[in-house]
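Computation of the quantities below employed the complete heavy-atom set of this structure, encompassing side-chain atoms and omitting hydrogens, waters and symmetry-equivalent molecules.
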Amino acid sequence: MTGRADGPTVMLSHGFGCDQNLWRLVAPSLARDFRVVLFDHVGSGRSDLSAWQEERYATLDGYADDVLRICRELELSQVVFVGHSVSAMIGVLAAIREPERFAKLVLLVPSPCYIDDDGYRGGFSRADIEELLESLDSNYLGWSAAMAPVIMGNPDRPELGEELTNSFCRTDPRIASAFARATFLSDNRADLAHVRVPTLVLDCAHDVIAPPEVGRFVHARIRGSHLITLPATGHCPQLSAPEATSEAIASFAAGDRRT
């Protein structure tokens, strides 16, 4: 926990293969006006790996329950939850269960379903996802080295892809495989209509993991939500465009909490 003890609480929740360190370019600017809560999902970063249970974390529900446990343990209320990538849907599930805990949601490059369906573009065919998961299982380090630069999406800034690769490689392959399945096989499209918390959807101008159609879909399904497209490329704008990302989060978090 960093920032202003008397400020509104902003909780930053990382995506698959990441940890709280990937907020390092955003958290300091938010800390000037907010109390910032950072954490690692079980199985990621410096979390206690002995706490990981395959059955509990086979779906996103286990991760959503962890978010609520943190809120209870720290006695947090009126939280502005910022979820990156898969953590966007983790936040959606948590906010549906205990909406009184949350003031607002910020969904950063969210995807409620990665697999294309009739009338819906998730960005991948089922065969694509099955191939991705098979490749991850057979050679996780090789998969990480190949996929991280694609996910980061800034070939002219190879250091960003290297940072994400290193983050992936710090994750236990068995845990990463289970989290990948929970992530890429999830379908939370029906959950979006049940969100009653003021929500901001942040997508990127160019993102191979969550194409623009996905951001528009999330925005259309969450009643009263706002949609902002960041002038950024890739799936990790908190690294590739930290100023624009932190400004959008701070502006929404500090605004009228009823909007």
Asker: Are Pro8 and Gln78 packed together at the side-chain level, in the sense that at least one heavy-atom pair is separated by less than 4.5 angstrom?
Answerer: no

Asker: Is Tyr140 close to Ser177 at the side-chain level, that is, under 4.5 Å between some pair of heavy atoms?
Answerer: no

Asker: Does Ser111 reach the main-chain N or O of Cys113 with its side chain, forming a donor-acceptor pair under 3.5 Å?
Answerer: yes

Asker: Would you indicate whether Glu213, at its atom CD, is surrounded by more than 12 heavy atoms from other residues, nucleotides or ligands within a distance under 6.0 Å?
Answerer: yes

Asker: Are any side-chain N or O atoms of Ser50 and backbone N or O atoms of Asp48, one a donor and one an acceptor, separated by less than 3.5 Å?
Answerer: no

Asker: Is any side-chain heavy atom of Glu130 less than 4.5 Å from a side-chain heavy atom of Arg126?
Answerer: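 SC-SC contact between Glu130 and Arg126 confirmed.
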
Asker: Check whether any side-chain heavy atom of Leu107 sits under 4.5 Å from a side-chain heavy atom of Leu200, and report yes or no.
Answerer: no

Asker: Is the closest side-chain heavy-atom distance between His14 and Asp40 below 4.5 Å?
Answerer: yes

Asker: Which residue in the set Leu12, Thr2, Val10, Leu76 passes side chain to side chain contact (heavy atoms under 4.5 Å, CB included) when paired with Val37?
Answerer: Leu76

Asker: Any side-chain heavy atom of Glu163 sitting closer than 4.5 Å to one from Arg24?
Answerer: yes

Asker: If I take atom CZ from residue Phe34 and atom OG1 from residue Thr9, how far apart are they, to the nearest 0.5 angstrom?
Answerer: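 Taking CZ in Phe34 and OG1 in Thr9, the distance rounds to 10.0 Å.
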
Asker: Donor-acceptor check, side chain of Arg196 to backbone of Ala193, threshold 3.5 angstrom: yes or no?
Answerer: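 Present.
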
Asker: Less than 3.5 Å apart, any donor N or O on the side chain of Ser87 or Ser13 sitting next to an acceptor on the other?
Answerer: yes

Asker: State the CD-CD1 distance between Gln238 and Ile249, to the nearest 0.5 angstrom.
Answerer: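 That separation rounds to 8.0 Å.
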
Asker: Once the angle between the rings of Tyr63 and Tyr57 is folded into 0 to 90°, is it parallel (under 30°), tilted (30 to 60°) or perpendicular (over 60°)?
Answerer: tilted

Asker: Does one side chain, of His235 or Ser85, offer a donor that lies under 3.5 Å from an acceptor on the other?
Answerer: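 Yes, because at least one side-chain N or O of His235 sits under 3.5 Å from a partner of the opposite role on Ser85.
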
Asker: Taking the six-membered ring for Trp, are Phe39 and His41 ring centroids under 6.0 Å apart?
Answerer: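 Distance test on ring centres: under 6.0 Å, yes.
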
Asker: Using 0.5 Å steps for rounding, measure from the CZ atom of Phe217 to the CD1 atom of Ile222.
Answerer: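 Reported value, rounded in 0.5 Å steps: 10.0 Å.
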
Asker: Find the distance between OG (Ser77) and CZ (Arg72) and round it off to the nearest 0.5 Å.
Answerer: 13.5 Å

Asker: Considering residues, nucleotides and ligands other than Glu73, do more than 12 of their heavy atoms fall under 6.0 Å from its CD?
Answerer: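 It does not: Glu73 CD has 12 such atoms or fewer within range.
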
Asker: Salt bridge (charged side-chain N to carboxylate O under 4.0 Å, His left out) between Arg170 and Asp19: does it pass, once the steps are laid out?
Answerer: CA-CA 10 Å; Arg170 287 194 297 268; Asp19 57 31; 3.4 Å; yes

Asker: Show the numbers, then the answer: is there a salt bridge (charged side-chain N to carboxylate O under 4.0 Å, His left out) between Asp203 and Arg216?
Answerer: CA-CA 9 Å; Asp203 64 5; Arg216 292 196 292 268; over 6 Å; no

Asker: How far apart are the closest heavy atoms of Pro28 and Trp23, and which atoms are they?
Answerer: CD-O, 4.3 Å

Asker: Less than 4.5 Å apart, any side-chain heavy atom of Phe179 and any of Thr171?
Answerer: no

Asker: Could you tell me which non-hydrogen atom of Asp116 sits nearest to which non-hydrogen atom of Gly123, and how far apart they are?
Answerer: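 Minimum heavy-atom contact is OD1-N, 2.9 Å.
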
Asker: Do you know the tightest heavy-atom contact between Ser246 and Val26?
Answerer: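 The answer is CB-CG1, 3.9 Å.
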
Asker: Does NZ or CZ of Lys104 lie under 6.0 Å from the centre of the six-membered ring of Phe81, at an angle within 45° of the ring axis?
Answerer: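 No, cation not above the ring by the 6.0 Å, 45° rule.
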
Asker: Would one find more than 12 heavy atoms of other residues, nucleotides or ligands at under 6.0 Å from atom CD of Glu55?
Answerer: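 No.
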
Asker: For residues Leu22 and Leu239, determine if any side-chain heavy atom of one lies less than 4.5 Å from a side-chain heavy atom of the other.
Answerer: yes

Asker: Return the minimal non-hydrogen interatomic distance between Ala148 and Leu164, and the atom names on each side.
Answerer: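 Heavy atoms of Ala148 and Leu164 come nearest at O-CD2, 3.6 Å.
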
Asker: Tell me, please, whether Tyr120 has Arg189 positioned over its six-membered ring: NZ or CZ under 6.0 Å from the ring centre and within 45 degrees of its axis?
Answerer: yes

Asker: Once rounded to the nearest 0.5 Å, what's the spacing between atom OH of Tyr114 and atom CZ of Phe124?
Answerer: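 With rounding to 0.5 Å, OH (Tyr114) is 8.5 Å from CZ (Phe124).
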
Asker: Which heavy atom of Leu68 sits nearest to which heavy atom of Ala94, and what is that distance?
Answerer: CD2-O, 3.8 Å

Asker: Thinking salt bridges, do Arg174 and Asp137 make one under a 4.0 Å N-O criterion?
Answerer: no

Asker: Which value, rounded to the nearest 0.5 Å, describes the distance between Arg46 atom CZ and Asn21 atom CG?
Answerer: 10.5 Å

Asker: Tell me whether the count of non-hydrogen atoms from other residues, nucleotides or ligands lying under 6.0 Å of CZ in Arg97 goes above 12.
Answerer: yes

Asker: Please report the shortest heavy-atom distance between Ala88 and Pro110, naming the atom on each side.
Answerer: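 Heavy atoms only, the tightest pair is CB-CB, 3.5 Å.
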
